[in-house]
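Report on one structure; see the data block that follows.
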Amino acid sequence: MSIWIVTTGSSDVELKTDKNWRQLYNEYNKQIPEFQKCPEFQGISRFKDKNQKNKTTFLVPPRPLGLVYGKYCPENERKNERSDRYKADLSFPLLDVFIPQLQEELKSNSGNDTLKVFVLLTDQAELFKEQISDEKCPFWYDTCELQPIIEWYFQKELAIKPEFITINSQGECGIDHWNSMLKEVKSKISASLENIPQDEVVYVSHQAGTPAISSAVQFVTIGKFTTVKFLVSNQSYDSEQATTKYSPEIIPSSEYWQEMQIQKAKKLITDGFPGSALQLIGGIPNIKPESITELQEQVDIFNIKATVANPETDEFKPDNAIERVRDGLDMIEFFFKQENYLSGVALLAAAQETYMKATIYYLVKKLNNTVAGVDVINLVRWDNSGLFLESKPSIENIPGFQSNTDLDKNLADILKFPVPEKNKDSDYTAFWGTYIYQVHKQWTEEFTLERIIHPDKKNIKFYFKINNSRSLKWLEELAADKKQVTWPLLTWTCHHIREREDDIRNQLMHNLRGVEKKDVIDYLYGYPNSSNTNNVAINYEQSVQAVYVEQVKEPFIKAMHCLGLLDSDSSGNKLQSTLNELAAKLQLVEK
């Protein structure tokens, strides 16, 4: 057995002539209460289809058409010349095209030509009962009154009595309301087809009716049955005959489903979910291979995956790191647009730290200064543990290092390094007490090679780790204009003595606390209204995304451009542009 589900709309049943309409209308007018409230259908010349120049067709709204002609179509209607004459007025443009195509299909199904038909009708009488005096009211375009006409047609053409499923309006929602129709169609089809095995072949003709019903029927049938085929018509216009023509086509649900998945994937891609899109289309065999490759590349970018030959070393080259930071800034904008605040805050904290480390390493290397026969960049190390001043053994093992030269030169001047200050900086003791050799009870603040590699130094493997506070100070010393390389949030997060309970990044990382929109906006502004700063008026109605772009992303990118790390200072979302292009190209391979 095969199943055919057919939706109905305003053009499924047409009139080929109006010569009998007035007579039949007047005959039944007084018996039909609806016509008493809206007498506008006595004449139908205005419903003539103007697109059909060489044939006459009247597109009478379905409800009045069914109320008038349905009287002559019930199964028990006695056959007579008058009845047959009136039935001959009716035209079924879509069904007349579908049925031969379906019959041919059924014959090819290994002899399985048994067919059960379900026809979906619509009824919004409850919703529009107070408005039916208007001939344009959707009430008149419901198809429920076509039931006797359609029943007669299927018995005549296929010797089948179809089952009817009436789709009703829901509360104040009509049949064009997507959510309501999805629930209504799912409920009605599930109930009516409850005893139909899941593995039966189901044909669906869904083009008639509202887009909401059409979409719901597609969704429900694909989800309920294993094999679904869509019996559709392609409309064309024959200019020679000056008439509209319909040609049938059966589309396997696999192709239909694939196209639906493609459209869903495109939306996911442009919304910044390339990983979800890749999962969605992973089972589709005929996607263009280059699209899959490009999509995987975007997944790697969103995962900050290394795209260099040797991640252990190449990821810590400033150019590569800044490229990751720039991509990260676009990703953060996606997160804030999606109100995914925790991910945005965490990635922003990492981007700021990476920016400072990469920039410091880049600027120190640009100093082109030497000490003890080696470039000063060799005194600095950046790896997956952080940014450091090198230890005694590491310095002594630098190729070309001259251990008896330049030992007394001031490294603070050479490296432009802001040394920790007593009673002010938390890293003072670690720097001067451990990293710099001190003679017992004779505290010295000489930052020289002699003090780092002193032969009597006890903790020779100790290297000085640069914290965020020290990093920002060093960055400002290295930059030509320190005002152009920072922004309020970076300054606040690198201020060691601050209101730490306000730091939502710390609260996230150490206490797994959630955040509200206001918290994130305050954070992005760098808490301008804390006790240590002047009050700033903040508009909490603006989106977090807008605040992020204005307060962080734009100055962040300008800083990298100012330092020579980026060719452009544009804050446009390059990642969004790339994703839009990728989504536009995503399609099935043409057969």
Side-chain angles (χ1 to χ4, degrees), residues 312-313 315-318 321 350 353-365 367 369-478 493-497 506 509-510:
E312 291 297 320
T313 57
E315 279 198 305
F316 298 96
K317 291 180 178 179
E353 290 190 29
T354 303
Y355 157 74
M356 288 191 293
K357 293 169 185 173
T359 305
I360 288 170
Y361 197 88
Y362 169 78
L363 293 177
V364 170
K365 194 170 184 178
L367 291 173
N369 284 340
T370 59
V371 63
V374 298
D375 194 304
V376 292
I377 191 61
N378 291 285
L379 304 182
V380 182
R381 173 165 54 91
W382 179 30
D383 58 22
N384 55 8
S385 298
L387 184 68
F388 305 91
L389 294 177
E390 283 286 18
S391 65
K392 174 184 176 178
S394 297
I395 292 174
E396 290 176 332
N397 289 326
I398 297 172
F401 177 71
Q402 300 169 10
S403 58
N404 57 355
T405 305
D406 297 335
L407 296 181
D408 59 347
K409 283 190 174 182
N410 186 357
L411 295 181
D413 292 339
I414 295 173
L415 293 170
K416 295 187 178 183
F417 182 77
V419 296
E421 299 180 40
K422 189 176 183 180
N423 300 326
K424 183 177 180 181
D425 297 325
S426 62
D427 54 353
Y428 176 83
T429 301
F431 184 79
W432 293 112
T434 307
Y435 186 64
I436 300 299
Y437 169 72
Q438 302 287 351
V439 179
H440 183 60
K441 295 182 180 181
Q442 296 180 12
W443 195 268
T444 181
E445 294 187 356
E446 296 177 2
F447 180 24
T448 62
L449 274 175
E450 181 182 9
R451 291 292 175 178
I452 298 175
I453 64 171
H454 197 283
D456 295 333
K457 186 177 180 180
K458 293 181 180 180
N459 193 350
I460 63 173
K461 293 184 178 181
F462 184 84
Y463 41 78
F464 182 69
K465 187 171 184 177
I466 314 297
N467 62 25
N468 286 344
S469 177
R470 184 71 41 213
S471 292
L472 182 59
K473 292 177 181 179
W474 195 2
L475 174 58
E476 291 176 335
E477 290 296 324
L478 288 165
T493 54
C494 292
H495 185 54
H496 187 73
I497 302 174
N506 279 356
M509 298 301 294
H510 303 302

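As the structure is a computational prediction, the values presented were derived from the model and not from experiment.
The closest side-chain heavy-atom distance from Leu478 to Ile360 is below 4.5 Å. Within the 4.5 Å cutoff, no side-chain heavy atoms of Ile436 are placed close to those of Glu446. Between Phe417 and Glu477, every side-chain heavy-atom pair lies at or beyond the 4.5 Å cut-off. A heavy-atom distance below 4.5 Å is not found between the side chains of Lys409 and Asn369. Two residues are said to be in side-chain contact when any heavy atoms from C-beta on lie closer than 4.5 Å; Leu411 and Ile452 meet this criterion. A heavy-atom distance below 4.5 Å is not found between the side chains of Asp425 and Ser469. Side-chain contact between Ser403 and Glu396 is absent, with no heavy atoms from C-beta onward closer than 4.5 Å. Between Leu389 and Phe447, some side-chain heavy-atom pair lies under the 4.5 Å cut-off.
When all heavy atoms of Ile414 and Leu367 are compared, the pair lying nearest together is O-CD1, 3.6 Å. Of all heavy-atom pairs spanning Met356 and Leu475, the tightest one is CG-CD2, 4.2 Å. Residues Gly386 and Lys465 share a closest heavy-atom pair of CA-CE, 4.4 Å. Contact record, Lys416 with Trp474: O-CD1, 3.1 Å, taken as the closest heavy-atom pair. Residues Asn378 and Glu390 come closest through the heavy atom pair O-CG, 3.6 Å. The two residues Val364 and Ile377 make their nearest non-hydrogen contact at CG1-CD1, 3.7 Å.
Rounding to the nearest 0.5 angstrom, the gap separating the OG1 atom in Thr444 from the OH atom in Tyr437 is 11.0 Å. To the nearest 0.5 angstrom, Leu387 atom CG is 10.5 Å from Asn468 atom CG. Rounded to the nearest 0.5 Å, atoms CD (Glu421) and CD (Glu445) are 9.0 Å apart. Distance check: Gln438 CD to Asp456 CG gives 13.0 Å after rounding to the nearest 0.5 Å.
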Verdict with reasoning, Asn423 to Tyr428, per side-chain contact (heavy atoms from CB on, under 4.5 Å): CA-CA 8 Å; Asn423 300 326; Tyr428 176 83; over 6 Å; no
Which is it for Ile453 and Leu407 under the side-chain contact (heavy atoms from CB on, under 4.5 Å) test, yes or no, and what are the steps along the way? CA-CA 9 Å; Ile453 64 171; Leu407 296 181; 3.9 Å; yes
Decide side-chain contact (heavy atoms from CB on, under 4.5 Å) for Val439 and Arg451; before the verdict, give the C-alpha distance in whole Å, the side-chain angles of both, and the deciding distance to 0.1 Å. CA-CA 10 Å; Val439 179; Arg451 291 292 175 178; 4.0 Å; yes
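Between Tyr435 and Phe464, the ring planes are tilted. Angles from 30° to 60° get that label.
In this structure, Arg470 contributes its side chain and Pro418 its backbone to a donor-acceptor pair below 3.5 Å. Checked by atom type and distance alone, the side chain of Trp432 never pairs as donor or acceptor with a backbone atom of Val419 at under 3.5 Å. A donor-acceptor pair under 3.5 Å links the side-chain atoms of Lys392 to the main chain of His454, judged by distance alone.
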